[in-house]
Amino acid sequence: MKYGFFDDDNAEYVITTPKTPLPWINYLGTNDFFSLISNTCGGYSFYKDAKLLRLTRYRYNGVPADVNGKYFYIKDGDCVWNPGWQPTKTELDLYECRHGIGYSKFKGVMKNIEANVLSFVPIDDTCEISRITLTNNSSENKSIKLFSYVEWCLWNADDDMKNFQRNFSTGEVEVVGSDIYHKTEYRERRNHFAVYSVNAKIDGFDTSRDAFLGAYHDNHDPEVVCEKGQCTDSIAHGWSPVAVHQINVDLAPGETKSYVFVLGYCENPVEDKWESKGVINKKPAKEMLAKYRTDADVDKAFAKLCDYWKGLLSIYSVKSKNDKVNRMVNIWNQYQCMVTFNMSRSASYYESGIGRGMGFRDSNQDLLGFVHLIPERARERIIDIASTQFEDGSAYHQYQPLTKKGNSDIGSGFNDDPLWLIAGTSAYVRETGDLSILKEMVPYDNDMSVATTLMEHLKRSFDYIVNHKGPHDLPLIGRADWNDCLNLNCFSEHPGESFQTFGPSEGPVAESVFIAGMFVKYGEEYAQLCDETGDTAEAERVRGEVAKMYDAVLKDGWDGDWFVRAYDAYGKKIGSKECEEGKIFIESNGFCSLAGIGVKEGLAEKALDSVKEHLDCKYGVMILQPAYTVYHLELGEISSYPPGYKENAGIFCHNNPWVSIAETVIGRGDRAFEIYKKTCPAYTEEISEIHKTEPYVYCQMVAGADAYLPGEGKNSWLTGTAAWTFTNISQYILGVYPTHKGLQIDPCVPHDFGDFEITRKFRGATYNISVKNPSNVEKGVKSMTVNGKSVDGCIVPIEDGVKEYNVEVTLG
Ligand code: GLC
Ligand code: GLC
C-alpha cells in the first residue's frame, strides 16, 4: 500500500494523506542552518549543532507522535485547522505534502479556503522561510484569522529537557512590531539570538506558551485560537517562551494573500551585543529580514536553491528504461548522501540530536557517496577527521562537529576505524586527482606540534592493523569492528554498562575477518596512492602485507562454504558451521568477496551462494543466521537484541550493498540487482504499510525473518546505507568508477536491463556515456570508443584540454 507517489519531473515525493505509518520527514538547509520537517509540519531547527544550538523545541517520543513543529493555525468561524493537519487534526477537504530537494510544500483546503505553505532554507542564510498563501475559493467574502506558532528551545537541547529548576526562570524575549526575538541567556554568555518575523502588520502576538495555550491545553487546542480568538500580547518571563503572530485576513471571493515568515539565527560581536541597556542589537536580524520582504524575494531565493541542486544532481545522472533506478540515482539517493554528509548520525527522528557527534567510520563512509557532489567540502572533512587520529594510527571513534575535537567519553579502540580513513581519502583523490591533499600537514589528536602529512596518517592507519594482529595473523578486533555490537572483549554483566566503552579496549586474542577484508581492499587502495606519489618501495611493502593477509584469510578465515566472521576472546570461531547460532554473517562474506579474496580460487562465489542460501529473505539480506536466542556474555551487544532486530539478524541495509558489489566483482549482475531491489525505497514504496518509513530514503534497519513483523523498517535517513547503495548502483552496477587514471566504465547489470545512458561530470569535463547491451550479458566490455576513436580496456584516458567525452560502450 502507498501513501503517496513520486513526482519525478519535479523531484518530489507527494504524500496524499497526513496519516502515514510514521512521520515522514525532510531536511531543509545546506550549510549551517538546518530544519527537520515532517509531513504534518512537525520538526525543529538548529544552527550547526543540534545539541548545543537548537532554536526550536521538539518532544521526542511524544504522545501523540510528532506534535511540535512550526505551525500555522487558521480560524475560520468556529473551525480551526492547520494546512499540515497536525496539531488540530481537523479533517481537511484536501491535504497534500510535497517533500522536495531542500524544501517542503503543504497544501490544505478547508471550507473553500486553500492554504499553501512553502518552507526552505535559503542557500546562504541562517534562516528558514515559510511562505503561506491563502486563497478564498468561495463566492463570499471571508474573514479568517491566521496564527503562527513556534516554541523556542533554550539553546542547549540536552539541558532544555532536564534542568527545569533553572530553565523555568531564564526565558526572555523582545517584541518589536512583527518581529519576535528570543534572547534567553543573551544577557550572560551567549552572543546569539533568534527571531521569528512576518512581513505584515500583526493583530496580536503571544510569547508565553501558557498564555497562548492556556492551562491544561496543548497545542491541538490553544485557548487563544480556539476560545478567545485573540492573542493576549503576552511577554514571556521564564517558563516556556514561544512566538505567535496573529493576522486577521479578509479575502474577497477568488482573492489570494501571502505572508512571508522568517525564522532566523543571528550573532553579534561580543563588544556589540546591546543597542541600549538590556536591548539586543538587532542589526544582523534587520539585515537578514530585509532580504525576504516580498514574494519576489522569496521566489528568487527559492529559484537559487533549486538551481543549486539542479547543478549538483547533474554531476551523475542516468537514463535507463527502469524508472525506479533513474529516480533513486538521479534524485533521492544522492540527496540522502548530502543529508548524511551534513548530519552524520546526529539529528533525525531516531537520533535525538543530543547524542553522538560525527563518527570516524561513519563520516568516512558518508564521503563515498558525497565526494563527487562537492569535493572541496569533502577535502575539508577528510582533514577534520584525520586531525582526530592518534599517533599510533588508531582513532577517536567520534568527534564533536562544533569543536572538531575527539570525544573522550567514547574514546577509541574500534579497530576498523583507521582503515576507513584510507577509504575516504582514496575516494577523494580518485574523484579529483588532487594529490596535494596527501601533502597537507595534519595534526594528531588536534595537536599541531606532532603534525605529519596526510599520507603519513594513511601509513599509520595501515600499520595499525599490521601491528595489531592476533593468533591467526588476522586483525585484532578491539572494542568492535564495523559492527558496533560485536563486542568480543567486553564481557558486560550489569545493565546500563555501555557495550562500546565497558571492558578493556584491547584483547590479545579476539580477531576480525571483516577487518581482514577491509585491509585487503583498502591496503590496495593505499598502495595505489603510493603508486601515484611515486613511492614504489612503500607500494611494494604494502602489497606484501596485503598478500600475507589474503593468505591468512584463506587459511583461518575460511569455513568450508563461507568466510568466518571472527574469533572470540577464547579463540573460538564466530560465524562458522561449528557454532550453534550465528553460523554465518554477512559482513565478512560481503567485504572479503568484494575485496577480491577467494575470487580466483572460486571461494568468493561459494561464499556468495551461501549468503543467498542462508541469509536471504524477502526484504533483504540478513546480517546473520541463525539469530542469537540468548545473551552471550562473550559476544556482547549483538546478542542483546531480540531475534530479527538490529545487529541480531536484522536486515542492516548498510551492508546489503557490500554483497551486491561482491556479486558484481564476480560478474553476476542479475543477483547484484536482485539484492539492490530488495532494500531500494522506490521498490519498497509498494509495501509502505509494512515498511513504514519514508519511501524515498533508506532506513538503517529492516526487521529480519525472525522478527515479529518482518519487513518493518526503522531508523530512516541517517545511515551509511545511503553512501554505500549509491556507490553500488553508480560505480559497480551501472559501472562508472573513478580511477586515478580516469573514469572506468565496466557495468554489471541484470541481463534484461537494456541499453542506458549516463552523464558524468568528472575532473572538469563532461562524459556522455552510452552503454549498449545487444547480447544481454551481465558483465563484460566488448568494445569502447571515445570521441569516435576505439580504446583498449574500459578506462577513458584523460586528455589535456578535452572538455567533452562521448563514450560508446558495447557489452558482450
Ligand atoms: C550504525 C553505526 C555504524 C555501525 C553500524 C553497525 O549504523 O552508525 O557506525 O557501523 O551501526 O553497528
Ligand atoms: C550502532 C548500532 C546500535 C548500537 C550503537 C552503539 O548504532 O546500530 O545497535 O547500539 O551503534 O553506538
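Remember, it's 1-based here, ligands and their atoms both numbered in the order they're listed.
- Less than 4.0 angstrom separates some heavy atom of D362 from each of these atoms of ligand 1: 2 (C), 3 (C), 8 (O), 9 (O).
- Of all the heavy atoms of D484, the ones lying under 4.0 Å from any atom of ligand 1 are found in both the backbone and the side chain.
- For ligand 1, the atoms sitting less than 4.0 Å from at least one non-hydrogen atom of N483 are 12 (O), numbered in the order shown with element in parentheses.
- Between R565 and D559 there is no salt bridge, since none of the side-chain N atoms of the basic residue sits less than 4.0 Å from a carboxylate O of the acidic one.
- Not close to ligand 1: T719, with no non-hydrogen atom less than 4.0 angstrom away.
- For the pair R381 and F341, the distance from NZ or CZ to the six-membered ring centre is under 6.0 Å and the angle to the ring normal is within 45 degrees.
- For W658, the ring-ring contact (aromatic ring centres under 6.0 Å, His included) partners at least two apart in sequence or on another chain are W482, F514, F591, H654, W724.
- In this structure, H654 has no heavy atom closer than 4.0 Å to ligand 1.
- In this structure, K324 forms a cation-pi arrangement with Y683, its terminal cationic atom sitting closer than 6.0 Å to the ring centre and no more than 45° off the ring axis.
- Checking Y60 against Y44 by side-chain atom types alone, a donor-acceptor pair falls below 3.5 Å.
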